[in-house]
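Report on the following structure.
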Amino acid sequence: MTVRTRFAPSPTGYLHIGGARTALYAWAYARHHGGQFVLRIEDTDVARSTPEAVQAILDGMRWLGLDHDEGPYYQMQRMDRYKEVIARMLEAGTAYRCYTRKEELEALRAEQEARKEKPRYDGRWRPEPGKTLPPMPADVAPVIRFRNPDTGSVAWDDLVKGHIEISNSELDDFIIARADGTPTYNFCVVVDDWDMRISHVIRGDDHVNNTPRQINVLQALGATIPCYAHLSMILGEDGQKLSKRRNAVAVTDFDDAGFLPEAIVNYLARLGWSHGDEEFFSREQFVEWFDLDHITASAAQFNTEKLDWLNQQYIKQATSGYLAAEAARRLALRGIDPEAGPPLEQLVVLYKDRVTNLNELADALTPFFVTPELSAPMLDAHLTVDARASLRALRDRLDRLVVAEWQKAALGQAIKETCIAQGVKMPQVAIPLRVVLLGQPQSPGIDAVLEVMGRDMVLARLDRVL
RNA sequence: GUCCCUAUCGUCUAGAGGCCUAGGACAACACCCUUUCACGGUGUGAACCGGGGUUCGAAUCCCCGUGGGGACGCCA
């Protein structure tokens, strides 16, 4: 059997992080088995679906590197097919028209809730041998309901949750087509998964309750039942359901926050799935290792600190070319011309071990492009009379180095000699020097900073305060 | 309310009856490295929700509680 999985988002907003993980697992499962990954857009909610959201989903998936083999299919373009199947079901008696008004339904629900019962349709329009249906109202456009089996139970072996069995008496005859004739979600999914020959339905566990209904429809259609794997949800850092208000949820939020897509993929892979003690692995390794047996059945809490750590690992091993390009993009976003300073590829090497995300990288690089403001407290704290004397001595020594000699070793030597001559320790020169050059007392090795910053900028910034 | 799912360090997790005086990672803390800050290295503390069974033996299997989550739409 060829493995065929799908990701079926509804385009009502961004690709959020939970959806991204579902997509990642479905993608990885197909790739692992050399099967196909199908993208299907579930846009039957015309009121809430937008083309912008479709684009956001496509962009998010591309950013994460989740390529699909088929699709995107759009449910709105498959209406004829759904209607054809519904007509067949009507004919076969596995579906029927229901003329109950919405108000009647509401009253029924209220009644049931008052009796503390599970709200459900009571089957008043369900045809039974020997049963007299209610008089047909002339002014009601009927919906179409699925005739759910009323005895026995539905069971499946969920690849994540294990055996699940639900009694048919829990299920009511749900609506498969609205009064306006458009089919509903639980029905479209079934037809699509069937038509698209999906072998493994990998989706969020909020669909567990839909599964028995869908299996019943599949059975009524004489279709083969796919395997199901229901993934638990991702909770926010506070243990609450993820929400746009409190959490970064859209994958683009993570791009904006300076995360690498590889880090997100690695993090998501590990959030709810494991391969022994492995924590840091490539996309290729993930595909090779991925299986459904090691998916956690319970909900996982999102943890930014661990994501930060992973992101840092990916930055450390990223090429300077990649980091330079990202730094340039992010500097430009701040209105800084990335060409108007030292070569980014050199700068980035100095900082790649010291930042946890790409925005921090851009922050760290900014003083090489924009002369930093030196606050009065900063000056008072670091540029003491003694410090100024040392810096003046250093400045004169540096001035004697020509551009060709402006190299890390010689610069380090110049600082050391200055320290000896002035009778001070290294930090007493290095710290104020950092403040003058970068506006902050911490930096990579000061000799390396001097080298990359270049003779002109270094001397100019020293002269500014001396 | 009814039904379904779920429960190991603060967090992500390893764990498929004896390998568990429960392992790894993030975070925390300590020390080392160091011209600063990081990085890196070494180490420390930290968990099987509660109660009953089953078994020679249970973190692992079963039941009951409890906590958490989900579903109950002419949304998806």
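Residue numbering restarts at 1 for every chain, and letters A, B, ... go by the order of the sequence lines. These figures come from a predicted structure and were not determined experimentally.
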What's the gap between [N] and [M] when it is taken at their [atom1] atoms, as a whole Å value?
N     : M     : atom1 : value
B:C72 : B:A14 : P     : 29 Å
B:U44 : B:A7  : C1'   : 28 Å
B:G15 : B:A22 : C1'   : 8 Å
B:A47 : B:C63 : P     : 29 Å
B:G68 : B:U11 : P     : 15 Å
B:U8  : B:A16 : C1'   : 15 Å
B:C12 : B:G17 : C1'   : 26 Å
B:C49 : B:U66 : C1'   : 8 Å

* Residue met sooner reading RNA chain B from 5', once A:Ser232 and A:Asp205 are mapped to nucleotides ->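 Nearest-nucleotide comparison on RNA chain B picks A:Ser232.
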* Position toward the 5' end of RNA chain B (nearest nucleotide), A:Gln313 or A:Tyr185 ->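 The residue mapped nearer the 5' terminus is A:Gln313.
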Distance in angstrom units between [X] [atom1] and [N] [atom2], rounded:
X        : N     : atom1 : atom2 : value
A:Asn209 : B:C72 : CG    : P     : 7 Å
A:Ile295 : B:C5  : CD1   : P     : 18 Å
A:Leu105 : B:C72 : CG    : C1'   : 13 Å
A:Leu271 : B:A25 : CG    : P     : 18 Å
A:Asp238 : B:G69 : CG    : P     : 11 Å
A:Lys306 : B:C9  : NZ    : C1'   : 13 Å
A:Asn186 : B:A76 : CG    : P     : 9 Å
A:Leu159 : B:A16 : CG    : P     : 20 Å

What's the closest nucleotide to the side chain of [X] if the choices are [options]?
X        : options             : result
A:Asp206 : B:C3, B:G70, B:U35  : B:G70
A:Glu279 : B:C4, B:U35, B:C12  : B:C12
A:Arg434 : B:C74, B:U35, B:C39 : B:U35
A:Ile431 : B:U36, B:A76, B:U13 : B:U36
A:Asp45  : B:A76, B:A71, B:C74 : B:A76
A:Glu42  : B:A76, B:G15, B:C72 : B:A76
A:Arg48  : B:C74, B:G70, B:C75 : B:C75
A:Val143 : B:C74, B:C12, B:U6  : B:C74
A:Asp277 : B:G23, B:C5, B:A14  : B:G23
A:Lys102 : B:C74, B:G70, B:C39 : B:C74

So, is [X] close to the [N] phosphate, meaning a side-chain N or O under 4.0 Å from OP1 or OP2?
X        : N     : result
A:Lys352 : B:A38 : no
A:Thr44  : B:C75 : no
A:Ser274 : B:A14 : yes
A:His275 : B:A14 : no
A:Arg178 : B:A76 : yes

Report the base-pairing partner of [N] (Watson-Crick or G-U wobble, both distances below 3.5 angstrom), or none.
N     : result
B:U54 : none
B:G17 : none
B:G1  : B:C72
B:A28 : B:U44
B:A7  : B:U66

Under 3.5 Å, is there a donor on one side chain and an acceptor on the other for [X] and [Y]?
X        : Y        : result
A:Arg330 : A:Asn359 : yes
A:Gln313 : A:Gln317 : no
A:Thr182 : A:Asp180 : yes

* Salt-bridge contact A:Arg6-A:Asp192 (side-chain N to carboxylate O under 4.0 Å) ->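 The answer is no: the pair does not qualify as a salt bridge.
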* Should we say atom NZ of A:Lys408 is surrounded by more than 12 heavy atoms from elsewhere, each under 6.0 Å from it? ->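 Atom NZ in A:Lys408 is not crowded, with 12 or fewer foreign heavy atoms closer than 6.0 Å.
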Could you tell me whether [X] contacts a base, only the sugar-phosphate backbone, or nothing, with contacts defined as non-hydrogen atoms closer than 4.0 Å?
X        : value
A:Lys116 : sugar-phosphate
A:Ala179 : base
A:Pro441 : base
A:Asn210 : base
A:Gly412 : nothing
A:Thr296 : sugar-phosphate
A:Thr100 : base
A:Pro444 : base
A:Asp447 : base
A:His230 : nothing

Main chain of [Y], side chain of [X]: is a donor-acceptor contact present, judged purely on distance under 3.5 Å?
X        : Y        : result
A:Tyr82  : A:Ala177 : no
A:Asp291 : A:His275 : no
A:Asp172 : A:Tyr121 : yes
A:Asn266 : A:Leu310 : no

* Asked: Does some side-chain heavy atom of A:Val189 sit less than 4.5 Å from a side-chain heavy atom of A:Arg203?
  ->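 Counting from C-beta outward, A:Arg203 and A:Val189 do come under 4.5 Å.
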